[in-house]
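What follows is a single structure, written as structure tokens, with notes after it.
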Number of protein chains: 2
Amino acid sequence: MNRTNGGGGPTGVNLPALRSHNAALVLDLLRSAGPDGISRLELAERTRLTPQAVSKITARLREEGFAAEAGHRASTGGKPRTVLRLVPEAGHAVGVHLDRDELRAVLADLDGTVVGERRVPLDLGAGAEAVLDAVVREAGTLGRGAGTSLLGVGVALPGPLDHIHGVLHRVTGFPEWDGFPLRDALAARLGLPVVVDKDTNAAALGLAVAGERGSFAYLHLGTGLGAGLVLGGTVHRGARTGAGEFGHQVIQLDGPPCPCGNRGCVEVLCLAAMERGDVGEAARVLGESAANLAGLLDIDLVLLGGRTITAAPEPFVHGVADVLAARARREGAHEGPVPVRLATGGARGVAEGAAQLLLAPVFGWGVG
Amino acid sequence: MNRTNGGGGPTGVNLPALRSHNAALVLDLLRSAGPDGISRLELAERTRLTPQAVSKITARLREEGFAAEAGHRASTGGKPRTVLRLVPEAGHAVGVHLDRDELRAVLADLDGTVVGERRVPLDLGAGAEAVLDAVVREAGTLGRGAGTSLLGVGVALPGPLDHIHGVLHRVTGFPEWDGFPLRDALAARLGLPVVVDKDTNAAALGLAVAGERGSFAYLHLGTGLGAGLVLGGTVHRGARTGAGEFGHQVIQLDGPPCPCGNRGCVEVLCLAAMERGDVGEAARVLGESAANLAGLLDIDLVLLGGRTITAAPEPFVHGVADVLAARARREGAHEGPVPVRLATGGARGVAEGAAQLLLAPVFGWGVG
DNA sequence: GCACTTTGGCAACAGCGTTGCGAAAGTGGA
DNA sequence: TCCACTTTCGCAACGCTGTTGCCAAAGTGC
């Protein structure tokens with residue numbers, strides 16, 4: 001019931017839409033309850049629906065194979081509550097992470113658990129045919145393990161792109177991909193639904209689904225510097241799905257030139273500091289830009305990831321946290337500073353998040 | 001049906017919720033159609049509900065006095081469509097703009113049309129009692145003109161505050177307001193619902209309701225520099241309703257000190273340039289920070305307002321647009337640069353937006 | 001004047017969550 | 001061992017939603 005559905009403005013809600021919304025909501029609560037499960041009455045409390053409505057919804061979900069009973073809780077003086085859990089095998093998705101020099105693909109179940117993985121070297125600049133062949137081969141191999149429960153394939157890769165239409169804009173450093181309709185090309189060859197997104201957005205989605213609540217920014221420092229934003233539990237992609245251009249935020253007017261053409265971008269300052277071996281300065285620069293972002297959007301959390309960060313996490317986490325703490329102290333914040341943490345997921349986080357591009361909609365994420 | 005309702009996570013939807021959502025949606029389309037009105041079949045297309053459902057909804061709205069028939073369209077070969085319109089007098093709200101030296105209050109009807117206005121000098125530092133007295137007096141006077149159709153009073157003022165609880169944090173320059181529960185104090189004395197928000201958020205809401213579609217940033221340059229963000233048609237207030245801290249974005253590492261304690265904030269750079277009489281440099285600095293924001297969030301539009309800007313709009317609009325155009329060109333954007341315009345509404349925009357804090361929820365804005 | 005098109009209300013309907021109620025399945029005291 | 005009590009949860013009836021089938025109303029155009 002939000003105001004941003006589809007392209008034609010907010011839309012009306014009829015009974016089938018209401019039904020699928022509530023079913024997805026219950027399914028999401030089953031998922032986030034994990035292996036411990038959750039009782040019908042708890043579901044009723046959380047959804048603010050009546051227990052009887054929850055009973056009907058869970059009965060349908062059990063009939064369709066998405067949920068199952070899983071034991072009982074201890075009695076509190078009456079009939080003990082029946083515990084329900086998600087059936088993870090009811091759905092799978094393949095997540096593909098296309099990096100500059102490597103293809104990493106995972107097969108994940110509804111729970112997000114990785115049940116299959118493949119890694120092969122890859123040259124993103126080797127041309128569309130070669131890359132498409134590799135994706136079709138690896139995704140196909142993994143997907144066969146899921147049978148008919150395979151929902152589709154999610155692909156995450158660097159650089160600006162059109163998430164809605166699945167068309168690449170500029171994969172930084174590989175101009176030959178400019179304008180390539182990756183989603184449709186892959187969907188035609190795989191015969192499956194395909195969703196394409198930026199690597200940073202996929203990683204952020206994966207973190208949100210994995211349990212990071214509220215609003216946060218995932219900052220990725222590797223070959224370049226980018227961000228994935230989650231605002232109110234939803235990945236913010238912006239009007240033309242180009243949000244997250246964090247690296248080319250100018251924080252030093254008339255500073256050193258950046259390959260992008262601007263002067264004083266965070267990315268060039270941060271990477272230059274790294275080349276000098278000055279990790280402290282790189283972290284400070286990153287912290288200042290993170291503080292700009294945090295003040296502008298009032299987020300709950302900053303998560304750091306990417307090869308450069310995972311190589312030496314502590315100085316970055318502390319350096320960024322110090323800047324945020326100093327700003328919060330100076331501005332007399334009523335609440336503590338925004339916490340900074342290392343992103344979980346590691347090197348496989350982007351591929352797992354890519355799988356979530358297909359899995360998350362099952363739980364009502366990002367579909368209204 | 002979004003995932004950010006209330007405090008306890010996303011909630012289920014039952015039939016009453018579905019009904020009020022669809023009714024609000026139809027009411028919103030009636031409002032945005034303006035005096036020309038809109039036909040039932042057009043409403044059905046826009047809402048994606050069936051014509052019969054729209055007929056039932058509009059019949060209820062007419063019964064309740066919110067909608068009325070207003071003539072017919074020309075025939076296209078069959079029975080001509082009946083045109084429906086909003087009845088603006090069915091609801092009113094008072095909007096109060098508390099500025100440092102002035103109180104401005106308006107009475108607006110459902111259409112947003114101002115049907116009453118009052119302006120009195122005010123010293124925000126004169127103490128809570130004096131300010132509350134003034135608000136109660138002016139809002140009461142205006143509100144009596146609306147009778148029982150008065151929905152409540154919206155109050156907009158500068159400085160960080162807690163929008164959800166209606167408690168002020170720090171009204172910049174007036175520490176005596178720190179922690180003051182403005183909403184509850186006013187609601188008790190007025191006997192009406194009261195909503196409190198930052199002046200920039202109110203102005204942004206007013207612009208969104210007035211017809212600015214999609215996502216945009218409203219940048220306000222007056223005594224200070226702040227922003228109101230509208231993302232996907234909704235005012236973005238952030239986790240602790242503190243979003244929009246645009247003025248203390250650092251764009252010059254180790255730059256000149258700002259009263260806030262940081263160095264190189266846009267606000268201090270921009271205001272210093274204005275004091276030197278260098279409007280061009282002020283506009284360039286504003287433009288760089290606006291470009292940072294536009295790249296990060298991928299917004300559709302930048303709107304400029306505030307006393308300093310309305311005093312000399314052209315150099316600012318052009319200066320900011322130039323920076324955005326230069327960045328878009330250098331980054332090889334596939335679409336044109338983000339347009340920059342002067343915000344409509346002028347000096348009364350904040351007060352009108354404050355009234356919309358009560359009116360907009362009638363049309364389903366920001367309530368899920 | 002008649003055939004046709006288009007609008008929009010009436011009535012019956014399927015399906016949603018809700019309410020009323022009772023069976024099932026425990027606890028705990030006599 | 002029995003019985004009163006508590007708590008869970010499904011069945012059945014219900015109210016209300018949007019949907020479908022149908023037809024009267026109100027125009028156009030030959």
Side-chain angles (χ1 to χ4, degrees), chain A residues 1 10-27 29-30 37-64 67-85 364, chain B residues 1 5 10-27 29-30 37-64 67-85 364 368:
Chain A
M1 288 188 20
T11 173
V13 178
N14 53 17
L15 289 174
L18 177 146
R19 170 184 167 141
S20 63
H21 169 84
N22 287 345
L25 185 62
V26 168
L27 217 45
L29 291 173
L30 288 173
I38 184 170
S39 74
R40 288 175 178 81
L41 286 173
E42 287 175 84
L43 287 170
E45 267 181 56
R46 305 275 289 271
T47 58
R48 298 193 188 176
L49 295 173
T50 59
Q52 191 56 31
V54 170
S55 269
K56 285 189 181 180
I57 293 167
T58 54
R60 283 199 301 264
L61 291 176
R62 286 197 298 155
E63 217 169 294
E64 296 162 5
E69 296 197 345
H72 300 271
R73 288 231 194 290
S75 167
T76 62
K79 178 174 176 176
R81 301 183 174 183
T82 311
V83 172
L84 300 170
R85 64 169 181 83
Chain B
M1 278 170 48
N5 290 355
T11 174
V13 178
N14 53 18
L15 288 174
L18 176 147
R19 170 186 168 139
S20 62
H21 169 86
N22 287 345
L25 185 62
V26 167
L27 217 45
L29 290 173
L30 288 172
I38 185 170
S39 74
R40 288 176 180 80
L41 286 173
E42 288 175 83
L43 287 170
E45 268 181 55
R46 305 275 290 268
T47 57
R48 299 195 187 173
L49 295 173
T50 58
Q52 193 55 239
V54 171
S55 270
K56 285 188 181 179
I57 293 167
T58 55
R60 282 200 301 264
L61 292 175
R62 287 195 298 155
E63 219 169 292
E64 296 162 4
E69 295 196 345
H72 300 270
R73 289 231 194 289
S75 168
T76 61
K79 177 175 176 175
R81 300 182 173 183
T82 311
V83 173
L84 301 170
R85 63 169 182 83

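These numbers come from the heavy atoms of this one structure, side chains and all, not from hydrogens, waters or symmetry mates. Chain letters run A, B, ... following the sequence lines, proteins first and then strands; every chain starts at 1.
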Quickly, which of I57(B), L61(B), N22(B) forms a side chain to side chain contact (heavy atoms under 4.5 Å, CB included) with L27(B)? Name it, please. L61(B)

How long is the line joining CG of L18(B) and C1' of dG15(C), in whole Å? 12 Å

Rounding to a whole Å, what distance do you find between R19(A):CZ and dC16(D):C1'? 18 Å

Sorted by first residue and then second, give each salt bridge (charged side-chain N to carboxylate O under 4.0 Å, His left out) pair with at least one member in residues 73-83 of chain A; sequence neighbours left out. E42(A)-R73(A)

On a heavy-atom basis, which atom in L29(A) and which in I38(A) lie closest, and how many Å separate them? O-CG2, 4.4 Å

Flag the pair T82(B) / S39(B) as yes when at least one side-chain heavy-atom distance between them is below 4.5 Å, and no otherwise. no

List in chain and number order the residues that pass side chain to side chain contact (heavy atoms under 4.5 Å, CB included) with R62(B), two or more places apart in sequence or in another chain; answer none if no residue qualifies. R40(B), A67(B), E69(B), L84(B)

Which whole-number value in Å describes the distance from H21(B) NE2 to dG18(D) P? 11 Å

Per N22(A) side chain, nearest of listed nucleotides dT18(C), dG18(D), dG17(C): dG17(C)

If I take atom CZ in residue R73(B) and atom P in nucleotide dG8(C), what distance separates them, rounded to the nearest angstrom? 10 Å

Any N14(A) side-chain N or O less than 4.0 Å from OP1/OP2 of dT19(D): yes

Using a 4.5 Å cut-off on heavy atoms from C-beta on, say whether the side chain of N14(B) contacts that of L18(A). no

All side chain to side chain contact (heavy atoms under 4.5 Å, CB included) counterparts of A68(A), not counting sequence neighbours: R85(A), V87(A)

Does a side-chain N or O from S75(B) land closer than 4.0 Å to OP1 or OP2 of dT28(D), or not? no

Could you run through nucleotides 5-15 of chain D and give me one letter per nucleotide, 5' to 3': B if any protein heavy atom sits under 4.0 Å from the base, S if only the sugar-phosphate is that close, - if neither? -BBBSBB-B-B

Between atom CD1 in I57(B) and atom P in dG9(C), what is the gap in whole Å? 13 Å

Is T47(A) reaching over with its side chain to a backbone N or O of T11(B), donor-acceptor style, under 3.5 angstrom? no

Protein N or O to nucleotides 1-3 of chain D N or O, pairs below 3.5 Å:
none

Side chain to side chain contact (heavy atoms under 4.5 Å, CB included) filter on P51(A), not counting sequence neighbours, yields L41(A), A44(A)

